[in-house]
Amino acid sequence: MLDEHGDEAKVVAGSTALTIMLRNRLIDPSVLVSIGRLPGLADISADDGHLTLGSLATHRDVELNPIARERIPVLANTFHKVANVRVRNVATVGGVVAEADYASDPPAVFLALDAEIEAEGPNGKRSIPASEFFLSFYTTALAQNEIVTAVRVPVPQPGTRAVYEKFVTRSSEDRPCVGVAASMRLSADSDITEDVRVAVGAASETPQRYPDLEKMAVGKSMTEDLARSIAEGYAERIDTLDDMRGSAWYRTEMVKVWVRRALMHALADARAQA
Amino acid sequence: MIDARERVTGRVPYTINVEMPGMLHAKLLRSEMAHARLTRVDASRARELPGVVAVLTGEDIVAMGSIQPRFGPVLRDQPILAYGKVRFVGEPVAAVAAVNADIAAEALDLIEVDYEELPAVFDADAALADGAPVIHEEPPHPGPTFADIILHTGAGSNMCNHFKLRRGDIDAGFAEAVHIFEDEFTSPAVQHVPLETHACVASHEGDRIVIHAATQIPYILRSQLAEVFRLPQSSVRVIVPTLGGGYGAKCYPNIEPIATALSMVARRPVRLVLSREEEFVTITKHAVRIRMKTGLRADGTIVARKVEAHFNTGAYADIGPRLIKNGGYGTGGPTDIPNVWIDSYAVYTNLPPAGAFRGYGISQAAWAYETQADMMAERLGMDPLDFRMRNLLETGQRFATGEVVDDCHFKELLTTVADKIGWDASAPTRVIGPDNNGSGRKAVAKGISCIIKGTVTPSTSTANAKLNDDGSLNVLTSSVEMGQGIHTAMATLAAEEMGVPIERVTISQVDTDVTPYDQQTSSSRSAQAMGAAVVGAVREIKEQLVQRGAELLEAAESDVEMVDGKVQVRGAPSKALTPSEVIRGTRAGNLLGRGTFQAHGGLDPETGQGLASVHWHQAAGAAVVEVDLDTGHVKVLRYEAAVYSGRTINDVQAELQTEGNVAFGLGQALFEELLYDNGQLQNGNLGDYMVASMEDMPTELGFNILENPERGEIHGIGETSLPPVMPAIANAIYRATGVRVTDLPVTPEKLLRGMQENAAAAKQAIEAELVA
Amino acid sequence: MNVNLTVNGRAETLVAEPHHTLVDALRDNLRLFGVREGCGVGMCGACTVLLDGKAVSGCLVLAPLAEGRDVVTVEGLEGNSGELDPIQQSFVDHTAFQCSFCTPGFILAAKDLLADEPNADEEAIHDHLAGNLCRCGSYSKITAAVLDARDRLSGGGQ
């Protein structure tokens with residue numbers, strides 16, 4: 001169907017973003033393809049070390065889902081921080097990744113957790129790593145005739161603690177100026193860091209993650225200074241943007257603050273459970 | 001509130017609910033250019049679209065000849081639809097009425113507009129510079145609505161109006177001063193964001209206009225429509241349903257002439273309701289730059305003040321020429337300053353019109369003088385509270401306009417809130433954290449402020465009351481209910497005066513065919529002004545009851561009085577009649593009472609001396625803020641608002657209005673700001689423009705509503721507690737961070753930059769010392 | 001197109017264009033004026049309705065997507081003989097409104113909250129209701145009203 005209509009067709013699931021575009025006459029599609037009733041796409045399930053979020057699962061579904069809360073609490077927490085409850089009751093997992101709005105919260109967490117976006121089109125199914133999915137403003141690796149069917153998130157190894165820090169500069173209801181997802185796992189018998197991930201969202205066109213900077217912490221004991229060094233590395237590399245929530249200069253400063261804070265927060269959590 | 005049930009069941013009758021037989025739906029095509037000549041507006045294809053009933057362009061209106069193409073409450077400078085030129089992005093250029101909104105929107109796409117772009121100007125200073133593009137070539141054309149207004153317009157320039165105030169001898173004042181401080185303060189344009197946008201349903205058929213409008217000014221709207229459509233005022237009927245918020249946004253006409261003109265052509269009723277995005281380019285709060293020079297005696301008392309205030313009034317005057325008077329004299333502040341020199345200007349720019357906004361110029365003025373108060377206190381090494389206590393007005397002292405101010409409570413208001421937050425100048429800042437889970441250091445500190453605000457003077461309100469033969473009472477008033485609870489307040493006063501339970505009183509909806517003249521529902525004036533008119537109307541009825549009752553009781557009028565709502569012979573409770581018995585007994589049908597309130601005053605056009613306000617509104621505020629020292633993020637932990645009500649009619653509603661002022665002030669202190677890029681609004685929707693949410697509000701909020709039962713005079717409180725909020729919060733932030741932000745809003749980014757600059761300067765100073 | 005659904009307990013058919021929102025369809029077809037568009041972008045909550053029991057922004061739901069679903073507006077909260085819902089009654093008792101354009105949205109958001117969290121505390125109320133804007137700023141009275149409604153619904157206290 002999408003092939004047949006090309007650019008004239010738009011896929012609609014929760015319809016939150018699309019309705020705004022229609023209302024503001026930003027788009028004028030001749031065909032709206034509702035996938036809201038496709039069976040199975042709203043499921044949230046766990047198997048072989050993955051949590052699978054069906055693309056039609058709403059933000060609120062993820063937020064409240066007992067399996068999600070148990071296996072990857074940071075996901076539930078992050079989805080809880082998106083917009084307001086009315087939007088979360090409607091906006092879908094597939095929608096938030098497919099729209100690729102830079103000022104969203106979930107993409108950074110997906111990137112930090114090595115999630116894969118499952119897509120399906122006339123040429124079959126494929127799985128796209130989050131690191132290759134977000135290309136630029138409102139642009140993803142999805143082909144025009146593909147839809148997102150699910151996001152598969154590897155369940156972090158036992159002992160991992162992850163946080164998502166959402167920083168807003170205006171009202172509590174604002175979108176993030178900067179959002180940082182960080183996870184950390186300490187070795188079972190010492191304070192040595194085995195695994196660290198950091199992804200920064202909302203600061204630039206797409207969420208950013210630098211594995212070589214993450215590795216600075218592996219095999220060492222995390223300290224405030226080390227966290228600061230990693231944060232400065234992120235700040236140096238991210239090409240921050242200007243908008244009404246903060247200038248590029250301010251965002252760079254906030255990347256320094258919030259990467260450090262997210263790491264220290266994750267560390268405190270990891271130590272607390274050790 | 002008297003209509004609480006309607007309010008919780010969704011049944012409040014707003015203008016957007018109004019439907020009329022044959023009603024059409026209107027949409028507006030708006031300018032994409034900030035300043036441009038309209039070389040072609042071709043609506044021919046739109047006219048041909050099936051379902052379109054009427055299409056109008058500015059040239060169509062001019063060509064009709066039968067109606068005045070321009071309107072405006074002070075200067076007739078605003079075209080119903082742009083013709084010749086457009087003057088701001090978003091100005092209505094063409095209007096369509098169709099059988100439904102979809103067709104009207106489709107028709108807009110078929111209208112072709114060619115622009116020839118002109119140089120544009122967006123800043124008041126730039127607009128007054130030599131060689132600036134002139135926005136209005138023709139001389140201004142004043143109208144009759146505000147006969148008292150002082151006009152010093154600058155024809156052929158962008159000077160829309162100039163207000164002057166001269167008190168004492170300014171040069172001598174500064175000569176006497178031991179300390180002189182000069183500072184500059186700016187506040188940006190913001191929007192009112194009433195959740196109900198501008199809306200009206202207009203019907204112009206035959207020689208009659210009937211319009212339902214969400215407006216705060218039924219009678220001004222009536223006179224404007226009568227003038228534009230060249231009809232007697234009696235032929236224009238303005239009906240005002242309950243408003244979904246006003247805050248000054250709905251104070252003067254803007255969309256009503258368009259809907260009426262469309263209806264005139266279509267000969268059917270036309271509904272026009274703005275979208276949120278349109279609301280943002282319809283009316284705003286004035287952006288202002290204030291240059292303030294203040295001279296102090298050695299003891300910290302203010303001896304002289306010179307002010308230059310530039311109010312950016314946008315492309316059309318609206319109420320700007322009048323607002324700069326309040327915003328001008330307001331910079332005198334709550335202090336008897338013997339030598340004052342104020343020049344306040346309304347300046348045209350190519351931005352959406354700025355007009356009345358809750359606080360009416362005083363927020364901008366207070367932002368300047370209450371910020372400067374803390375800056376001056378610091379420079380003198382004085383406690384900001386002590387500094388203010390030396391300067392605050394006391395009963396019998398004079399305001400900048402030279403008038404004696406009576407019934408002053410500034411000191412009491414300020415000390416009340418200072419005590420509540422535990423003001424202690426010697427220990428201003430407390431630093432907490434960092435804690436061990438990654439959150440940084442935070443500084444907590446306190447700030448205070450105190451303001452004076454006038455109410456529109458001269459002003460007039462009238463009311464009628466009708467006592468029915470069952471003893472129930474109808475009150476006919478043109479005061480607009482917009483959430484402030486004015487109808488409940490009027491019912492309360494009427495019931496009290498009549499001696500009947502409030503359930504026996506009904507307040508009319510506003511309908512200029514029925515409800516008598518009221519100047520406007522604004523300026524925090526209605527409780528006092530309309531309240532006096534309503535009480536007067538009921539008193540007139542009581543006089544008639546006594547007269548007629550005396551007849552029935554066969555007693556001399558002088559021997560009869562009203563006791564507990566009954567007419568009785570003095571000292572003889574057994575000889576008493578209920579109002580119902582009096583009306584029925586004399587076959588009066590009903591008894592009608594009329595009440596009038598009139599406040600007199602005015603200022604000299606050259607010196608600004610005279611009587612600016614019939615009485616003075618007074619408020620203070622105290623804030624406790626917590627600032628994240630790594631990010632500049634601010635949380636208001638506590639806010640104490642104090643306001644002088646004279647006499648509170650309804651405690652809960654007084655608190656609600658005060659909380660509303662805190663919500664408005666907190667948003668304006670920390671984040672509200674309209675952002676323009678070459679005149680194009682960048683954040684004209686509620687995803688991009690933030691207003692205060694429940695979570696943004698102070699964690700702890702206190703209301704201190706001060707009464708003076710001895711006098712019993714009602715003081716309006718709808719706006720009074722707003723102006724202190726911004727400086728109180730910013731003063732607290734300064735004490736927490738050492739960063740003085742003089743341009744609102746105080747954003748985290750400005751604070752972080754300031755803190756980094758301070759740190760760098762401190763480091764440099766230490767290094768310089770080491771080198772030496 | 002026709003949209004068949006249940007509104008306030010009754011089977012209804014809305015006539016709507018595919019791009020029409022649920023707010024417009026409910027107002028235009030059924031004159032349910034308690035549903036009001038305030039911003040059109042899901043930020044203010046004036047258009048809140050319960051869709052299959054959950055609070056949603058009516059301005060962000062295309063009317064055809066409500067096919068077969070259950071919609072409750074503020075008009076559906078009153079009992080058969082006009083008695084107010086306990087949340088509505090609490091809002092009356094606390095005067096938890098000024099212009100009240102936002103009030104139905106707050107009441108329905110509170111309904112959604114108390115259905116999920118009958119013991120919601122002040123923090124939970126703020127978290128859940130912060131996405132509803134009251135420009136008049138009646139927030140402290142609204143919080144008090146919802147706390148009171150919680151206690152009424154749970155039978156007079158904790």
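Everything numeric here is computed off the predicted structure, so don't read it as measured data. A note on names: the letters A, B, ... follow the listed sequences, proteins ahead of strands, and every chain is numbered from 1.
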Pick one of side chain, backbone, both or neither for C:C39, based on which atoms fall under 4.5 Å of a heavy atom in chain A. backbone
Set out, in order, the CA-CA distance, both residues' side-chain angles and the distance that settles side chain to side chain contact (heavy atoms under 4.5 Å, CB included) for A:V90 and C:L60, then state yes or no. CA-CA 8 Å; A:V90 179; C:L60 294 186; 5.7 Å; no
Ignoring hydrogens and geometry beyond distance, is a side-chain donor-acceptor pair present between C:H128 and A:N84 at under 3.5 Å? no
Distance-only, no hydrogens or angles: does the A:N89 side chain make a donor-acceptor pair with backbone N or O of C:A55 under 3.5 Å? yes
A:Q273, CD: over 12 other non-hydrogen atoms inside 6.0 angstrom: yes
Do A:K81 and C:D127 sit within salt-bridge range, that is, some charged N less than 4.0 Å from a carboxylate O? no
What are the two closest non-hydrogen atoms of A:R86 and C:N132, and how far apart are they? NH1-OD1, 3.1 Å
Between C:V56 and A:R60, does the side chain to side chain contact (heavy atoms under 4.5 Å, CB included) criterion hold? Intermediate values first, please. CA-CA 11 Å; C:V56 303; A:R60 188 88 170 136; over 6 Å; no
With a 4.5 Å cut-off on side-chain heavy atoms, are A:E173 and C:M43 touching? yes
Just wondering, are more than 12 heavy atoms of other shown residues or ligands nearer than 6.0 Å to CZ in C:R10? no
Examine whether an atom of C:T21 lies under 4.5 Å from a heavy atom of chain A, and if so say whether it belongs to the side chain, the backbone or both; otherwise answer neither. side chain
